[in-house]
Amino acid sequence: MAELVKDKESGVAAAGGGEMDIEHSRTFLEARSEEELLSGIKKEVEAGRLPPNVAAGMEEFYRNYKNAIFQSGDPAAAETVLSNMAVALDLMLLDVKDPFVFQPYHKALREPFDYYMFGQNYIRPLIDFRNSYVGNHSLFYEIEEKLKQGHNVVLFSNHQTEADPAVIALLLEKTNPHIAENLIYVAGDRVITDPLCKPFSMGRNLICVYSKKHMFDVPELADMKRKANIRSLKEMALLLRTGSKLVWIAPSGGRDRPDPVTGEWNPAPFDSSSVDNMRRLIESSGAPGHMYPLALLCYDIMPPPSKVEKEIGERRIISFHGAGLSVAPEIAANCEKSEEVKDVYTQALYKSVTEQYNVLKSAIHGKQGLEASTAGIALSQPWN
């Protein structure tokens, strides 16, 4: 993180394309204590450079992150919190001052400031790697080989938190850095509009879309959102034609939520039209394509609100916890294209994701660890 701070101080490309002035960066990057960070937030509000509602979110973000890092028992927790939050708050302030505008296809910003490594370094201390697992790790090598051969690969996954991209990358960064750094995420508009989330999104490769769940939040904007989604689909088609692309998509259209009665978390049902749209894009790309079911379990680290919210600016609850990632063998689509066949294929993907999720849940929440492995899902800790 020290290198990131140094990069920021030397002059980072600002969100609008210019250079950040030194006066801006001093507010948070030169803070040497919690008191200086928090007083910096108040100072920016008083100067009229930070809206009070965003400032309140930043302060809550800081306190929740601090509590989570201290849960880890790391003797360097105080230093980690201060350095990571100084950069995070600075980037958030920068985006309020000069908002970054995401294009339909956004390529991760790696220089002069490395937003990807910022996100990795921020989320890494939240993961309890001793209680984290990867299922069928060998299949990630298989996926890498297909990418080297010019093939396209799609990962149909459940979606748990805003931190999902970082969790996936962190669980694979030591053994499969190509996947970790080159994965393209189909992302909803909320992660590219919320100023507390945007700096993390800037470090990921994204195809930006409007989720069906929020299409009619503001009815008069629905037509604009549909047109924007069409542009994003065209960008996706162009990318896939070049081959060697790896795409992550959550066909549920949003994050998983706990059952309102039992409180249990399970993957949200997949939408067959989303799956079929992706299948058609793969098949029309001209390059060989493969579709794999992927499961994620990481909601404890940064759970979403219990219900879908219309307003931007949700509360961020953060914890130190184990996480899980699993992939199953690819499932080939049937050549027949009837609605019934589409539904059957979607259910096959969803069933696999759910089965993998339950194994991860037994390993992490059920405390079974590697013993939770099954005949079809072999758990490991590839970072050890």
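A donor-acceptor contact shorter than 3.5 Å links the side chain of Gln381 to the backbone of Arg130. The backbone N or O of Val87 sits nowhere less than 3.5 Å from a side-chain atom of Tyr122 that would complete a donor-acceptor pair. Although no hydrogens or angles enter the test, the distance criterion places no donor-acceptor pair under 3.5 Å between the side chain of Ser326 and the main chain of Ala295. Side-chain atoms of Glu34 do not come within 3.5 Å of backbone N or O of Lys66 as any donor-acceptor pair. When atom types are taken as modelled, the side chain of Asn136 and the backbone of Val327 share a donor-acceptor pair closer than 3.5 angstrom. With hydrogens and angles ignored, the 3.5 Å screen pairs a side-chain donor or acceptor of Arg32 with a backbone N or O of Glu30. Judged purely by atom type and a 3.5 angstrom limit, Asn158 has no side-chain atom pairing as donor or acceptor with the backbone of Asn266. Side chain of Asp164 to main chain of Thr161: a donor-acceptor pair is present (N/O by atom type, distance under 3.5 Å, no hydrogens or angles). The closest donor-acceptor contact from the side chain of Asn131 to the backbone of Ile364 lies at 3.5 Å or more, if one exists at all. A donor-acceptor distance shorter than 3.5 angstrom exists from the side chain of Ser72 to the backbone of Ile69, with no hydrogens or angles considered.
For Ser352 and Gln356, the side-chain atoms include at least one donor-acceptor pair closer than 3.5 Å. His290 and Glu330 form a side-chain donor-acceptor contact under 3.5 Å, judged by distance and modelled atom types alone.
In terms of the side-chain contact (heavy atoms from CB on, under 4.5 Å) criterion, residue partners of Asn277 (sequence neighbours excluded) are, by chain and number, Arg280. Checked against side-chain contact (heavy atoms from CB on, under 4.5 Å), His365 has the following partners two or more places apart in sequence or in another chain: Leu297, Tyr299, Asp300, His321, Lys361. With sequence neighbours excluded, the residues that form a side-chain contact (heavy atoms from CB on, under 4.5 Å) with Gln347 are Tyr350.
Salt-bridge formation is not detected for the pair Glu60/Arg63: no Lys NZ or Arg NE/NH1/NH2 atom is positioned less than 4.0 Å from an Asp or Glu carboxylate oxygen. Lys43 has no carboxylate O lying under 4.0 Å from a charged side-chain N of Glu46, or vice versa, which leaves the two without a salt bridge.
Put simply, OG on Ser244 and NE2 on His151 are 8.5 Å apart, with the number rounded to the nearest 0.5 Å. For the atom pair Lys245 NZ and Ile184 CD1, the distance stands at 6.0 Å (nearest 0.5 Å). To the nearest 0.5 Å, atoms CG (Asp276) and CG (Leu281) are separated by 10.0 Å. Residue Asn152 holds its CG atom at 12.0 Å from CD of Glu283, rounded to the nearest 0.5 Å. In this structure, NE2 in His106 is found 8.0 Å from OG in Ser201, a value given to the nearest 0.5 Å. Rounding to the nearest 0.5 angstrom, the gap separating the SG atom in Cys298 from the CD1 atom in Ile127 is 8.0 Å.
When each of Arg110, Arg204, Gln120 is checked for a side chain to side chain donor-acceptor pair (under 3.5 Å) with Glu181, only Arg110 meets the rule. Among Arg49, Glu36, Glu44, the single residue meeting the side chain to side chain donor-acceptor pair (under 3.5 Å) criterion with Thr27 is Glu44.
A heavy-atom distance below 4.5 Å is not found between the side chains of Met92 and Phe28. The closest side-chain heavy-atom distance from Leu89 to Leu37 is below 4.5 Å. In this structure, the side chains of Leu379 and Leu360 come closer than 4.5 Å at one or more pairs of heavy atoms. Between Thr175 and Tyr141 there is a side-chain heavy-atom pair separated by less than 4.5 Å. Looking at Leu206 and Pro165, their side chains never come closer than 4.5 Å, going by heavy atoms from C-beta outward. No side-chain heavy atom of Met202 sits under 4.5 Å from any side-chain heavy atom of Leu91. Side-chain contact between Phe156 and Arg279: absent, with no pair of heavy atoms (C-beta onward) separated by less than 4.5 Å.
Other residues, nucleotides and ligands contribute more than 12 heavy atoms inside 6.0 Å of the NZ atom of Lys146.
Hydrophobic clustering, with ILVMFWY side chains joined whenever heavy atoms are under 4.5 angstrom apart, groups Val209 together with Leu233. Under the 4.5 Å side-chain heavy-atom criterion for Ile, Leu, Val, Met, Phe, Trp and Tyr, Trp383 and Val167 are members of the same hydrophobic cluster. Residues Tyr65 and Leu170 share a hydrophobic cluster, clusters being chains of Ile/Leu/Val/Met/Phe/Trp/Tyr side chains in contact below 4.5 Å. In this structure, Phe61 is a member of the same hydrophobic cluster as Leu29, with clusters built from ILVMFWY side-chain heavy atoms closer than 4.5 Å. Note on Ile318 and Leu38: same hydrophobic cluster, where clusters join Ile, Leu, Val, Met, Phe, Trp and Tyr whose side-chain heavy atoms are under 4.5 Å apart, directly or indirectly.
Between Phe113 and Tyr115, the ring planes lie perpendicular to each other; the angle is over 60°, past the 30° to 60° tilted range. Ring orientation note: the planes of Phe140 and His137 are tilted relative to one another, at an angle of 30° to 60°.
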Next item on the list: Tell me, with the steps shown, if Ile331 and Leu349 meet side-chain contact (heavy atoms from CB on, under 4.5 Å).
Entry: CA-CA 7 Å; Ile331 301 178; Leu349 288 168; 4.0 Å; yes
